[in-house]
There are 2 protein chains.
Amino acid sequence: MAANRRPTLADVAREVGVSAKTVSRVLNEDGPVSAQTREQVLAAVAKLGFQPNLMARNMRVGGPDTTVGLVVPDLGNPFFAAVARGIEDGVRERGLMLLMGSSADDPDRERALTAEFLARRVSILIVVPSVGSHHSHLKAHRTAGLPIVFLDRPGAGLPTDSIVSSNRAGAQDGVTHLIAHGHRRIGFVGDLPVKLYTRRERLAGYRAALREADIPYDRSLVADAHDQQGAEAATSRLLELADPPTALFAGNNIMALGIVVELARSKRKDVAVVAFDDVSLAEALEPGLTVVAQDPEEIGRSAAATALARLDGDRSRARTITVPTRLIVRGSGERPGPRP
Amino acid sequence: MAANRRPTLADVAREVGVSAKTVSRVLNEDGPVSAQTREQVLAAVAKLGFQPNLMARNMRVGGPDTTVGLVVPDLGNPFFAAVARGIEDGVRERGLMLLMGSSADDPDRERALTAEFLARRVSILIVVPSVGSHHSHLKAHRTAGLPIVFLDRPGAGLPTDSIVSSNRAGAQDGVTHLIAHGHRRIGFVGDLPVKLYTRRERLAGYRAALREADIPYDRSLVADAHDQQGAEAATSRLLELADPPTALFAGNNIMALGIVVELARSKRKDVAVVAFDDVSLAEALEPGLTVVAQDPEEIGRSAAATALARLDGDRSRARTITVPTRLIVRGSGERPGPRP
DNA sequence: ATGAAAGCGCTAACAA
DNA sequence: TTGTTAGCGCTTTCAT
């Protein structure tokens with residue numbers, strides 16, 4: 001069967017014997033329409049299976065597209081998936097949908113995605129900026145009224161709203177928890193690149209906790225990895241040091257998976273662990289994995305709320321909203337430290 | 001500062017002193033343009049910060065929007081997040097983006113989302129159908145050439161391509177594994193509603209395994225839950241039966257989390273477990289969680305590939321593609337069964 | 001209560 | 001190599 005042309009407003013109008021404008025009035029409950037005409041129009045709409053073309057409507061009306069453009073590093077990462085759900089939650093009642101793309105933390109892909117979103121005239125742009133990406137080219141759009149929100153990390157080259165977790169304080173809490181249980185040699189397994197905002201902030205929190213306890217910072221206890229496998233290897237390397245750590249701090253959820261898996265594989269039950277960001281099954285481990293939990297859905301909802309406020313005319317200064325983290329103690333931070 | 005009108009093609013043309021069509025030619029690398037004109041146009045584009053309006057372009061060209069409409073029950077579920085990534089992977093090189101929405105397994109919301117997608121003239125529609133949703137209203141669109149793919153579950157009322165896991169065989173493998181290790185009273189914790197396709201298929205696999213081993217089917221060993229907390233409660237109830245199960249089979253990833261967490265909390269190390277769908281940290285548990293792993297990204301890529309083939313004119317009969325599952329033995333299925 | 005004409009921003013199909 | 005005209009499907013404006 002050949003691909004039929006989809007019916008248009010004009011087709012419906014012709015079917016009923018009225019003008020296109022009348023059909024439009026019925027569908028948008030615009031001007032006055034007689035009950036009978038309305039009936040006939042609705043019948044024809046149903047008969048032809050007409051569905052108004054939103055692109056055409058949007059274009060004529062001149063307003064933005066009713067979508068939220070969202071760029072995340074990886075759609076498959078549970079953290080960003082939860083963030084996306086939070087955003088969707090926050091904008092659904094305003095009738096906005098999510099237009100999404102993964103940047104893989106590549107500035108070029110991020111830029112291509114944002115360009116595409118802009119070309120589509122999204123109502124809101126929400127971006128988890130990649131390391132090395134600049135956003136000065138977005139300035140004109142922001143000035144023109146497009147709400148732009150940076151998420152998880154602040155953006156470079158453009159003063160605008162950002163939503164971040166309390167990375168530094170949260171990491172400090174987590175590491176302090178380890179110190180309180182007698183640990184003085186604490187490894188840090190962070191993601192890459194090292195310039196990544198969250199990585200730096202969390203490392204700063206780690207160092208602040210050490211400083212607070214008068215423990216010297218030992219660079220050799222800081223390891224890096226790109227992914228879970230890398231974190232497993234990093235964990236293994238740290239534990240093979242001449243003077244190895246008795247505890248490990250995971251810089252994010254993926255690093256946490258690597259650390260925990262490697263410790264399980266090597267049956268190292270003597271190493272304490274605290275992770276930044278919660279992971280599923282954390283409470284089912286033995287002992288339970290102590291984490292500095294983020295609230296990704298709240299981050300998403302907060303981004304949505306901020307952007308919607310801008311859409312509604314809020315012209316106040318750009319703010320950075322910090323979503324608090326919460327230390328959830330489950331036991332893994334209390335594993336025996338070095339003998340006193 | 002007032003919201004400035006965004007520059008249009010005509011603005012650029014005026015700036016340079018050429019016609020709109022010429023600008024269009026430069027931007028789309030369409031017809032021939034003199035090097036000098038091209039330079040000037042590009043300069044003006046940069047100067048004005050012009051970005052072509054994709055909606056207008058699409059409309060004029062008459063083609064569909066370069067988006068994939070995707071409806072999933074829950075964006076935050078790692079399984080669907082991974083599926084989404086697979087789809088994105090599969091369509092990116094064709095220049096398609098993801099337009100997403102969560103249905104919460106509510107047929108009305110699913111319908112609202114698909115209607116919105118249709119109104120937006122998506123190039124492809126991919127849906128995880130809710131229980132009770134019907135899709136006969138999509139028939140005309142499919143006939144008109146819109147590729148429609150059902151994912152994870154087949155759709156009702158419309159013969160079209162579907163991508164599913166080998167639910168029945170996979171579940172049978174998992175339960176057979178438990179039986180091979182001496183278990184005869186095996187509980188099944190499935191999600192709701194009970195009419196859900198995946199739930200029914202996996203339960204059928206469970207029953208097939210029992211039948212194969214001449215173990216009578218005991219309805220009291222089948223429990224249901226909506227979410228992780230529900231699965232925890234269901235696990236607890238099963239274990240309190242007069243003649244309790246010595247092993248449990250989880251109907252999906254969320255049920256698995258509930259079972260594992262509840263067993264850890266009640267320190268029941270004597271209960272064997274196999275889960276349908278892999279979860280992170282499964283290998284770090286003690287013993288590792290044996291699972292029937294799905295391949296969500298492959299499901300997504302497969303859906304993308306199927307839809308793209310349809311877009312390219314494939315008019316063959318609707319097929320159902322079954323993505324194989326794989327039993328990953330990690331130990332939890334081998335916990336001691338009843339004494340012989 | 002309804003319709004005709006114009007135009008949103010862009011490109012196809014022609015000319016020149 | 002470039003411009004002109006028309007029109008995608010819809011809504012606005014102004015008539016009737």
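Note on naming: letters A, B, ... go to the chains in the order of the sequence lines (proteins, then strands), and numbering restarts at 1 for each one.
Following rounding to the nearest Å, A:D11 (CG) and D:dC10 (C1') show an atom-to-atom distance of 13 Å. The CG atom of A:N53 sits 6 Å away from the P atom of D:dC10 (whole-angstrom rounding). One can place CE of B:M55 at 10 Å from C1' of C:dC8, the figure rounded to the nearest angstrom. Between B:L9 atom CG and D:dG3 atom P there is a gap of 12 Å when expressed in whole angstrom units. A:D30 places its CG atom 9 Å from the C1' atom of D:dT11, with the value rounded to the nearest Å. Atom P of nucleotide D:dG3 and atom CZ of B:R14 are separated by 14 Å, given to the nearest angstrom. A:K21 has its NZ atom 6 Å from the P atom of D:dT12, to the nearest Å. Computed from coordinates, the A:M59 CE to D:dG7 C1' distance equals 10 Å when rounded to whole Å.
With A:H135 contributing its side chain and A:G157 its backbone, the two residues share no donor-acceptor pair below 3.5 Å.
Along DNA chain D, the nucleotide nearest to A:F50 and the one nearest to B:V18 differ in position, and the one closer to the 5' end is contacted by B:V18. In terms of position along DNA chain C, the nucleotide closest to A:R38 lies nearer the 5' end than the nucleotide closest to the other residue of the pair A:R38 and B:R60.
Residue B:T37 places at least one side-chain N or O under 4.0 Å from the OP1 or OP2 atom of D:dT2. Remark: B:S34 is in phosphate contact with D:dT2, judged by side-chain N or O atoms under 4.0 Å from OP1 or OP2. The side chain of A:S24 places an N or O atom within less than 4.0 Å of a non-bridging phosphate oxygen (OP1 or OP2) of D:dT11. Dashed line: the shortest gap from a side-chain N or O of B:N28 to OP1 or OP2 of C:dT11 is under 4.0 Å. For A:N58, no side-chain nitrogen or oxygen approaches OP1 or OP2 of C:dC8 to under 4.0 Å. At least one side-chain nitrogen or oxygen of A:S19 sits closer than 4.0 Å to the OP1 or OP2 atom of C:dG3.
Distance check, rounded to the nearest 0.5 Å: CG of A:L27 to CG of A:L42 gives 7.0 Å. In this structure, the separation between CD1 on B:I321 and OG on B:S162 is 9.5 Å, given to the nearest 0.5 Å.
Checked by distance alone, A:R25 brings a side-chain donor or acceptor within 3.5 Å of a matching partner on the base of C:dG3. The base of D:dG9 does not come close enough to the side chain of A:R57 for any donor and acceptor atom to sit less than 3.5 Å apart.
Using modelled atom types and a 3.5 Å distance limit, the side chains of B:R120 and A:T66 yield a donor-acceptor pair. For the residue pair B:R6/A:H141, the side-chain donor-acceptor check at 3.5 Å is satisfied.
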